[in-house]
Amino acid sequence: MVDESEARAAFEELDPASLGKIESSELPLLLSALNMPLTAPLDELEAELDREGNGLILLQDFVAYACKPLEPIQTHPLETESAASSNLDDLDADGLYDKITKATNDAKSISSSDIHEAAWNGDIDLVAKYVKIDPSLAYSIDDTEFGCGYRPLHYAAYNGHDEVCKFLLDDSAVNLNCTTSNNCTALFLAAQQGHSSTVQLLLSQGADPTVAEDEYNYTPIDVSRQFKRTVYSIFKSGEEWEYEKWRNVPQKLGAPRSSNAKGNSFEIVLPELNEDEGVLRVREFKIKVVELPSGKIVDLIIVPRSEWGGEQEETVIVRNLSPGCSFAAYVSGINGIGYGEYSDMSNVVSTKARPSKKAPASAGRSPAPVSAPAPAPLEKKAPKKVKKVKKKTDAPVPAPLTATVPAPLSAKKSRTLQPVVAGEAGKPAKKGKAPKAITLPVASPTKHQMPSDSDESSEGLDFNLLPPDASETASEEESNENEPRH
């Protein structure tokens with residue numbers, strides 16, 4: 001018994017990838033590191049710790065074994081008592097005849113289900129009497145609602161009634177490997193229920209342990225693993241069938257194929273299986289993934305077999321790998337007896353590296369100058385005057401002015417119009433500055449002729465542009481012109 005932390009530390013030394021499991025072949029190294037003596041033969045200890053029979057030992061199982069004594073495994077009690085005695089011995093001939101006659105009539109009325117009930121209860125005498133009346137009842141099918149295709153041998157094996165099984169197997173018409181509607185044999189039912197003596201009997205009669213039921217493809221050996229010290233040991237270590245084909249572990253498989261590598265995963269195509277008749281079929285695959293070139297184990301995967309018909313390839317995706325590294329895989333098959341040798345190495349694949357950022361320029365070195373053609377000389381131009389744009393203000397826009405039509409001017413005088421300056425963009429004119437006068441020449445009419453509304457020379461003149469006091473302004477300017485200049 002060792003400390004839990006020491007047991008975990010020793011286990012993790014052999015599990016650098018922190019998978020929580022190691023190969024069972026590494027158990028001697030683990031025990032040696034902890035200075036733990038063997039309390040049982042190594043193969044028995046390995047079988048105890050390798051609970052699934054797949055060649056892997058889990059961390060929690062080893063710590064439980066190393067830190068405290070293993071609890072004794074409860075063995076299934078063997079049924080050694082003889083079959084229940086029949087109460088028919090106390091009857092006379094007439095009474096026996098009456099009882100059998102009544103039982104026969106009852107059996108025919110309920111589709112011969114009484115022999116099935118007698119086999120279930122282990123009543124050997126009643127079973128024998130039914131068979132004597134009608135020999136076909138020994139292998140009749142229970143076709144009642146919940147019969148599930150059971151025969152008398154199935155009922156007897158399920159409950160471990162060895163004497164009934166022997167009696168029924170003495171009849172050559174009874175098929176030792178007959179199956180129920182779920183493809184269960186009598187050997188499967190006896191192994192499932194932990195009846196070691198019944199399993200021993202059926203195997204000695206030649207029962208086939210390779211027949212698998214339909215729902216999970218379990219064989220009698222697979223379901224017997226729950227009784228490792230009793231039932232399973234008969235399959236695993238029985239000397240009577242040491243050289244039987246079904247006692248072999250799977251042969252070495254072909255190398256898997258790796259493909260479809262991505263940033264942190266790749267795909268493994270499992271090898272095709274060529275299984276012979278009479279051998280246990282592979283029920284699981286054990287996959288070992290290693291990183292190259294170091295050979296470090298980065299994953300150990302147990303994959304249940306999903307393709308039993310062989311119509312298509314089975315694939316497995318290995319995830320959570322380091323990007324930009326090379327990997328390869330090995331695979332072995334697992335059946336009810338154990339696991340086979342690892343295959344040859346698969347082809348090497350490399351996960352895709354993550355895109356790296358551009359490295360900055362190294363210190364002390366400036367990038368090489370890029371030569372470019374010299375630009376053509378530009379002509380010197382005088383700088384343009386920039387017109388200052390006055391900022392807009394929130395001053396209100398002045399109301400429009402109403403123009404009046406002035407009186408006609410003298411024909412020989414020029415007319416000076418005073419425009420109204422409203423400022424830029426609706427602004428009022430600045431105070432203190434009079435707007436400049438704009439002089440518009442007027443075409444001179446012929447002698448003794450004044451322009452009228454109908455005269456063509458008046459076209460194009462807009463008198464509405466004159467301000468209200470335009471006529472007075474024009475007269476003042478006319479008088480100013482007549483004044484002498486100094």
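Heads up: numbering here begins at 1 and tracks the sequence.
Contact check for V318 versus L321: side-chain heavy atoms found under the 4.5 Å cut-off. For the pair I124/F167, a side-chain contact is recorded, criterion being any heavy-atom separation below 4.5 Å from C-beta on. Side-chain contact between D123 and D125 is present, with at least one heavy-atom pair separated by less than 4.5 Å. Residues F11 and L34 are not in side-chain contact: their nearest non-hydrogen atoms beyond the backbone lie 4.5 Å or more apart. The closest side-chain heavy-atom distance from Y155 to L168 is not below 4.5 Å. Between L49 and L27, the closest side-chain pair of non-hydrogen atoms falls below 4.5 Å. F235 has its side chain out of reach of W241: every pair of non-hydrogen atoms, C-beta onward, lies at least 4.5 Å apart. You'll find the side chain of C165 reaches within 4.5 Å of the side chain of L153, heavy atoms only.
Between the side chains of S24 and D50, no donor N or O sits under 3.5 Å from an acceptor N or O. When only modelled atom types and interatomic distance are considered, S181 and Y150 share no side-chain donor-acceptor pair under 3.5 Å. Residues E240 and Q200 have side chains that bring a donor and an acceptor to within less than 3.5 angstrom of each other. S306 and E314 are linked by a side-chain donor-acceptor pair at a separation below 3.5 angstrom, with hydrogens and angles left out of the test. A donor-acceptor contact closer than 3.5 angstrom is absent between the side chains of N177 and T185. For T144 and D142, the side-chain atoms include at least one donor-acceptor pair closer than 3.5 Å.
With hydrogens and angles disregarded, no donor-acceptor distance shorter than 3.5 Å links the side chain of T198 to the backbone of D162. Checked by atom type and distance alone, the side chain of E291 never pairs as donor or acceptor with a backbone atom of G295 at under 3.5 Å. For the pair H154 (side chain) and C178 (backbone), a donor-acceptor distance under 3.5 Å is present. The main-chain N or O of S258 is found under 3.5 Å from a side-chain atom of N347 such that the two form a donor-acceptor pair. N182 places no side-chain N or O within donor-acceptor distance of the main-chain N or O of D214, the cut-off being under 3.5 Å. The backbone N or O of L56 lies less than 3.5 Å from a partner atom in the side chain of N54, making a donor-acceptor pair. When atom types are taken as modelled, the side chain of N248 and the backbone of Y243 share no donor-acceptor pair closer than 3.5 angstrom. Not a single donor-acceptor pair under 3.5 Å links the side chain of E239 to the backbone N or O of E242. Side-chain N or O atoms of N159 include none that pairs as donor or acceptor with a backbone N or O of H161 at under 3.5 Å. With K228 contributing its side chain and S233 its backbone, the two residues share no donor-acceptor pair below 3.5 Å.
Between K286 and E52 there is no salt bridge, since none of the side-chain N atoms of the basic residue sits less than 4.0 Å from a carboxylate O of the acidic one. At a threshold of 4.0 Å, the pair R319-D299 does not count as salt-bridged, since none of the basic side-chain nitrogens sits closer than that to a carboxylate oxygen. A salt bridge links D61 and R51; the closest N-O separation between the charged side-chain nitrogens and carboxylate oxygens is under 4.0 Å. Using a cutoff of 4.0 Å between basic side-chain nitrogens and carboxylate oxygens, R281 and E275 are scored as salt-bridged. A salt bridge links R8 to E4: at least one charged side-chain nitrogen sits closer than 4.0 Å to a carboxylate oxygen. At a threshold of 4.0 Å, the pair R257-E313 counts as salt-bridged, since one of the basic side-chain nitrogens sits closer than that to a carboxylate oxygen.
No more than 12 heavy atoms of other residues, nucleotides or ligands sit less than 6.0 Å from atom NZ of K352. Annotation: K252, atom NZ; neighbour count of heavy atoms from other residues, nucleotides and ligands within 6.0 Å is above 12. Counting non-hydrogen atoms of other residues, nucleotides and ligands closer than 6.0 Å to CD of E26 gives a total above 12. No more than 12 heavy-atom neighbours from other residues, nucleotides or ligands sit within 6.0 angstrom of CD on Q251. Dense packing is recorded around CZ of F62, with more than 12 heavy atoms of other residues, nucleotides or ligands lying under 6.0 Å away.
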### Task
Please lay out, stage by stage, how V223 and E213 fare under the test side chain to side chain contact (heavy atoms under 4.5 Å, CB included).
CA-CA 11 Å; V223 297; E213 51 84 32; over 6 Å; no
### Query
Is there a salt bridge (Lys or Arg N to Asp or Glu O under 4.0 Å) between D222 and R283 once you walk through the steps?
CA-CA 9 Å; D222 295 330; R283 63 180 173 87; 3.1 Å; yes
### Query
Passes side chain to side chain contact (heavy atoms under 4.5 Å, CB included), T219 versus F188? Steps please.
CA-CA 7 Å; T219 66; F188 180 94; 6.0 Å; no
### Message
Run the side chain to side chain contact (heavy atoms under 4.5 Å, CB included) test on T351 and F327 for me, step by step, so that the C-alpha distance in whole Å, both residues' side-chain angles and the decisive distance to 0.1 Å come before the verdict.
### Response
CA-CA 8 Å; T351 52; F327 300 93; 3.8 Å; yes
### Task
Could you walk me through whether D134 and S136 pass side chain to side chain donor-acceptor pair (under 3.5 Å), step by step?
CA-CA 6 Å; D134 185 358; S136 65; 2.7 Å; yes
### Task
Please lay out, stage by stage, how L169 and L202 fare under the test side chain to side chain contact (heavy atoms under 4.5 Å, CB included).
CA-CA 9 Å; L169 292 174; L202 296 174; 4.0 Å; yes
### Message
Pair R229, E48 - check salt bridge (Lys or Arg N to Asp or Glu O under 4.0 Å), show working.
### Response
CA-CA 9 Å; R229 291 286 183 89; E48 287 294 334; 2.8 Å; yes
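Closest heavy-atom contact between I334 and G53: CG2-O, 3.7 Å. Residues S259 and V269 share a closest heavy-atom pair of OG-CG2, 4.5 Å. Nearest approach of L187 to A207, heavy atoms of both residues: CD2-CB, 3.8 Å. Heavy-atom minimum distance, P28 versus L42: CG-CD2, 3.7 Å. The two residues A212 and N183 have their closest heavy-atom pair at O-ND2, 2.8 Å. Taking both residues in full, the closest heavy atoms of S350 and A261 are given as O-CB, 3.3 Å, listed atom of the first, atom of the second, then distance.
I287 CD1 to S332 OG: the interatomic distance, rounded to the nearest 0.5 Å, is 9.0 Å. Note that SG of C325 is 11.0 Å distant from CG of N264, once rounded to the nearest 0.5 Å. Here the CD1-CD1 distance, from I234 to I221, works out to 11.5 Å after rounding to the nearest 0.5 Å. Atom CD1 of I297 is separated from atom CG of L19 by 8.0 Å, given to the nearest 0.5 angstrom. Atoms OG and NE2, from S140 and H116 in turn, are 3.0 Å apart once rounded to the nearest 0.5 Å. Summarising the geometry, atom CG belonging to L30 is positioned 10.0 Å from atom OH belonging to Y65; distances are rounded to the nearest 0.5 Å.
In this structure, Y158 and W120 have parallel ring planes: the angle between them is below the 30° cut-off, well short of the 60° mark.
Aromatic rings of Y232 and F227 (six-membered ring for Trp) have centroids beyond the 6.0 Å cut-off, not under it.
Taking the centre and axis of the six-membered ring of Y342, the NZ or CZ atom of K288 falls inside the cone set by 45° and 6.0 Å. Remark: R151 is not positioned above the aromatic ring of Y139, lacking an NZ or CZ atom under 6.0 angstrom from the ring centre and at most 45 degrees off the axis.
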